[in-house]
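Just below is one structure, and these are the notes that go with it.
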Protein chains: 2
Amino acid sequence: MDKIIIEARVNELAPRDENPNVPFLPDEIVRDAFACYEAGASIVHYHGRTADGAPEHAPSFYLETNAGIRERCPILVHPTLGYVANDTDAMGRFAAVEEMMKSAATAPDFAPMDCGSVNVDWWNPGAGHYDTTDLVYKNSTATLMHFADRIKHYGLKQYLVSWNVSFTRQIEAFMTMGVIPEPAYICFCLTDGIMLAGHPGTPEGLDAHITFLPKDRQVVWTVVNYKGNLFALTEKIIRAGGHISIGLGDYPYAEFGQPTNADIIARVAEQARALGREPASVEDTRAILAMPQVKIAA
Amino acid sequence: MDKIIIEARVNELAPRDENPNVPFLPDEIVRDAFACYEAGASIVHYHGRTADGAPEHAPSFYLETNAGIRERCPILVHPTLGYVANDTDAMGRFAAVEEMMKSAATAPDFAPMDCGSVNVDWWNPGAGHYDTTDLVYKNSTATLMHFADRIKHYGLKQYLVSWNVSFTRQIEAFMTMGVIPEPAYICFCLTDGIMLAGHPGTPEGLDAHITFLPKDRQVVWTVVNYKGNLFALTEKIIRAGGHISIGLGDYPYAEFGQPTNADIIARVAEQARALGREPASVEDTRAILAMPQVKIAA
């Protein structure tokens, strides 16, 4: 069985009310990226945040954070394009990456493509209603083709997010077109709790994704549970040959007190080792995903 | 086992190139609705079309067609809201229904709610590319709540379309909120061929829907294969207690020559009877779905 790629999803748009260890600012993210690297993660994914936790789309945030991570350790860097919180056109959503590509010190290794559109309103399970009613996460085919083109141009690796089977079928179509090179790195975004947009974080929810992976194509897959406890599935994922993307960005993991991101990564690494899969190093991850060579903008 | 509800999906946006029997104009749709009723259908679903087949959103088309169907037979009437071809706001998309509700002669029995958002670009399997790249079918939570409110106000039955598991989870949330009354009538929109937006029209594609039906809720489900041959699944659906929505709107059924919509309905009815399920009459269908009482606008 392959080594397992562990990605630290350090902050997303998570609040600090249940766990104060969610990093917001660049130096906090850099510190967590290093600690997660030491604990066994080979990729770090983060969102720009202001000091009070609001989404921050300014390219300068990403330049500073990427450069800070690069100075500390070789962990692979995977910034967001801003999710539905950055609801501009395709060029606007990729603008921060274009800035990052002007220097090797600030270039990331991945850029994400959420391969479809989906309603992502916040569900309030206690009150039994939606707290928002207008959040349509739109990623048109044309937008995705623009992202794919720029990602290939810069020698980055596409990080392909699938929220449901419609997304996976679009990924397969893009593989047929050559828009997505092999191996495709697909992240199944399961969701629970206050987010109903993905499949539930259950064995059935995961199986209903895996069943529809493109046949006769090279695919590597990882799993997130956005707003749910992924440890309900980690054994299944590890045994099935999948990879794991996890952190306080998704869920506070209050079951373990107030863990840090590195605490969560260490738990995954320990479980993987116990089941016979060693955490992939950065170089292992580059090999498993056949990472291209990054090209800095002229 | 319950009787089986057979819905005739007579035209959608289908061309006539493979089968010239697709009805476009009101008198053609009325004729097909009657023939399908005689063959065993209890619901007819149609889209407004111009003489050359383009989408027609004018309320007058729907008034004329509904009135014509009502004069001929008691089949239950289920018009479209215009799909992605009618990409206006929620009020605009419901405008034709508001007009229909001004008279018992023109009122329908169902109005649809596609319970989520999804990319619906046209795939070209021969060329291996998308023929369109900007078709995002947007149904925000706020839009769906507007539709639900107006549908309940008029005593119509909600026809709930699910393209993937994200849609089904939104349906479950709406049932928790009371936005969708029980029993919910859910249509799984599988897709094949030139449309990749839904689950594939395979046993696995259907199972990956059924698994996520709301637990402990009254639900009645039917199945479409938009752009694929639903007969690959009709036996499975009939045995599983599901219902069937089918017609030349989805697929030309050239396997049978150039069948009419009524020919397709007759085939489904024959197969259902052979497997022990009698086609539901209009009154049976009203009972199975607990159809409310239609209220004409004051």
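Worth knowing before you read on, the calculation uses all heavy atoms, side chains too, and leaves out hydrogens, waters and symmetry mates. Residue numbers start from 1 in every chain, and the chains themselves are labelled A, B, ... in the order their sequence lines are given, proteins ahead of strands.
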Using side-chain contact (heavy atoms from CB on, under 4.5 Å), reason through B:Tyr130 and A:Val179 one step at a time and then give a plain yes or no.
CA-CA 12 Å; B:Tyr130 284 101; A:Val179 167; over 6 Å; no
Locate the shortest heavy-atom distance separating [X] from [Y]; write the atom from each residue and the value.
{"X": "A:Arg169", "Y": "B:Thr191", "answer": "NH1-O, 2.9 Å"}
{"X": "B:Asn164", "Y": "A:Asn164", "answer": "ND2-ND2, 3.1 Å"}
{"X": "A:Ser140", "Y": "B:Asp134", "answer": "CB-CA, 4.4 Å"}
{"X": "A:Ala208", "Y": "B:Ala208", "answer": "CB-CB, 4.0 Å"}

Should the ring pair A:Phe212 and B:His199 be called parallel, tilted or perpendicular, given that the plane angle runs from 0 to 90° and is split at 30 and 60?
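Rings of A:Phe212 and B:His199: tilted, 30 to 60°.
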Decide yes or no for B:Asn119 and A:Cys115: does some side-chain heavy atom of the first lie under 4.5 Å from some side-chain heavy atom of the second?
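No, their side chains stay 4.5 Å or more apart.
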What option among B:Asp207, B:Thr132, B:Leu196, B:Val165 has the most heavy-atom pairs under 4.5 Å with chain A?
B:Leu196
Pick from B:Gly178, B:Ala197, B:Ala173, B:Gly116 with the largest number of heavy-atom pairs that fall under 4.5 Å of chain A:
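Highest number of pairs under 4.5 Å: B:Ala173.
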Among A:Glu172, A:His209, A:Gln170, A:Lys138, single out the residue with the greatest number of heavy-atom pairs under 4.5 Å to chain B.
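With the most close heavy-atom pairs to chain B, the winner is A:Gln170.
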Do you know which of A:Leu135, A:Thr211, A:Val118 has the most heavy-atom pairs with chain B at a distance under 4.5 angstrom?
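If we count pairs closer than 4.5 Å to chain B, A:Val118 comes out on top.
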Per-residue contact mode, B:Met195 against chain A (heavy atom under 4.5 angstrom):
backbone
